[in-house]
Amino acid sequence: MTTLPTELETQLQSLEQSAQAAIAEAATLDELEQLRVGYLGKKGQLSKVLGGMGRLPAAERPHIGALANTTKTALQTALEEKKATLQTAAIAAQLADEALDVTMPGVFVSQGRIHPINSIIDQIVDIFVGLGYTVAQGPEVETDYYNFEALNFLPDHPARDMQDTLYLTDGQLMRTHTSNVQIRYMKAHEPPMRVVAVGRCYRRDTVDATHAAVFHQIEFFAVDKNLTFSDLKGTIKVFLEALFGEIPVRFRPSFFPFTEPSAEVDVQWQGQWLEILGCGMIDPNVLQAVGYDPEVYSGFAAGLGVERLAMVQNKIDDIRRLYSSDLRFLRQF
Ligand code: DAH
């Protein structure tokens with residue numbers, strides 16, 4: 001049986017029609033590729049129709065062949081055009097997707113801020129680093145030796161009663177001041193030295209507006225040849241001016257076992273004098289305890305109450321506010 005040319009022509013026509021319709025409908029590049037394979041691929045529908053060519057009379061073949069080529073070209077063109085359209089649409093969709101609406105309200109992220117205690121610690125350490133001091137630190141759980149004995153507190157000396165100490169069951173204690181850093185640092189280094197140390201201290205104190213059982217101190221000390229009380233006073237003056245500017249200050253004679261002579265410094269707060277630091281010339285017994293020759297070296301030292309300085313700087317009336325974690329209070333600084 002021979003195939004009639006008109007039959008093949010009809011098949012080619014309907015193939016092109018259905019292919020054009022499917023290409024026009026295709027919604028994705030994947031779908032389009034499947035259509036290409038299905039119609040124009042090696043085992044595609046066009047190949048199948050052309051399989052019937054063998055049964056045509058030889059004279060008809062060129063005509064049908066030309067028709068098949070026209071169909072093929074038309075479909076290829078349609079596929080290419082549709083591909084370009086889909087690609088453009090895909091890019092446009094991606095751009096629309098990634099578009100940033102700068103008028104949309106942002107997500108609020110609370111910034112937080114530095115606590116007044118950390119803030120004043122930073123300021124004070126900066127001042128001393130500017131004066132050439134080295135930053136050091138020491139342990140909060142300490143032995144009697146570093147907290148008291150090497151600082152010239154004799155075992156039964158009443159000076160120990162000035163610091164209501166929290167003792168641990170193993171005989172150690174919670175350091176009552178940062179002066180332990182003096183001993184630890186001096187034992188590990190040779191003069192000359194200028195050192196500043198920040199730390200937490202502990203005392204069995206009754207808590208009130210100006211006392212906390214856990215508080216912070218900053219210790220600074222210097223050991224060199226020919227250091228005098230004038231150097232100490234000048235350093236304190238420069239320091240307080242850098243921190244507070246012009247502020248009424250007074251030096252009072254005092255006593256500490258580890259300094260001789262000793263003084264306390266008060267500044268004006270809430271219309272009264274508030275003690276903010278103890279200081280003095282390092283006692284020769286302390287220099288001897290760390291192996292320095294007091295005939296060659298002298299030194300000065302001071303311990304500052306950080307909370308009290310923060311209270312003066314920020315006009316805070318009660319030390320307990322610094323630890324209440326009340327955001328209405330803390331947000332003011
Ligand atoms: N450690 C003393 C205290 O807590 C403060 C102090 C006084 C420190 C005199 C010093 C100093 O370095 O020289 O009461």
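Sequential numbering from 1 along the given sequence is applied to the chain's residues. Everything numeric here is computed off the predicted structure, so don't read it as measured data. As the structure lists them, so they are numbered: ligands from 1, and atoms in each ligand from 1.
For the pair Arg175 and Tyr146, the cation-pi test (distance below 6.0 Å, angle within 45°) is failed.
Residue His177 places at least one N or O, backbone or side chain, under 3.5 Å from an N or O of ligand 1. Here's the thing with Ala302: one of its N/O atoms is less than 3.5 angstrom from an N/O atom of ligand 1. Note: an N/O pair closer than 3.5 Å links Ser179 and ligand 1 by distance alone.
If you chain together hydrophobic residues whose side chains sit under 4.5 Å apart, Phe333 and Ile114 never meet in one group.
Here Glu33 pairs with Arg36 in a salt bridge; the nearest charged N to carboxylate O distance falls below 4.0 Å. A salt bridge does not link Arg55 to Glu7: none of the charged nitrogens lies less than 4.0 Å from a carboxylate oxygen.
Using a 4.0 angstrom heavy-atom cutoff, Gln217 counts as in contact with ligand 1. Residue contact annotation: Phe258 has a non-hydrogen atom under 4.0 Å from ligand 1.
Between Val214 and Tyr323, the shortest heavy-atom contact is O-OH, 3.8 Å.
Of the listed options Arg175, Gln182, Glu219, Arg203, Arg203 places a heavy atom closest to atom 3 (C) of ligand 1.
Set against the non-hydrogen atoms of Gly280, the atoms of ligand 1 under 4.0 Å away are 13 (O). Contact atoms of ligand 1 toward Thr259: 13 (O) (distance under 4.0 Å to a heavy atom of the residue).
The NE2 atom of His63 sits 3.5 Å away from the CD atom of Glu9 when rounded to the nearest 0.5 Å.
What sits closest to atom 5 (C) of ligand 1 on the protein, heavy atoms only, is Gly303 CA, 4.1 Å.
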* Trace of the side-chain hydrogen bond (donor to acceptor under 3.5 Å, both in side chains) decision for His115 with Asn118 -> CA-CA 5 Å; His115 191 279; Asn118 290 316; 5.1 Å; no

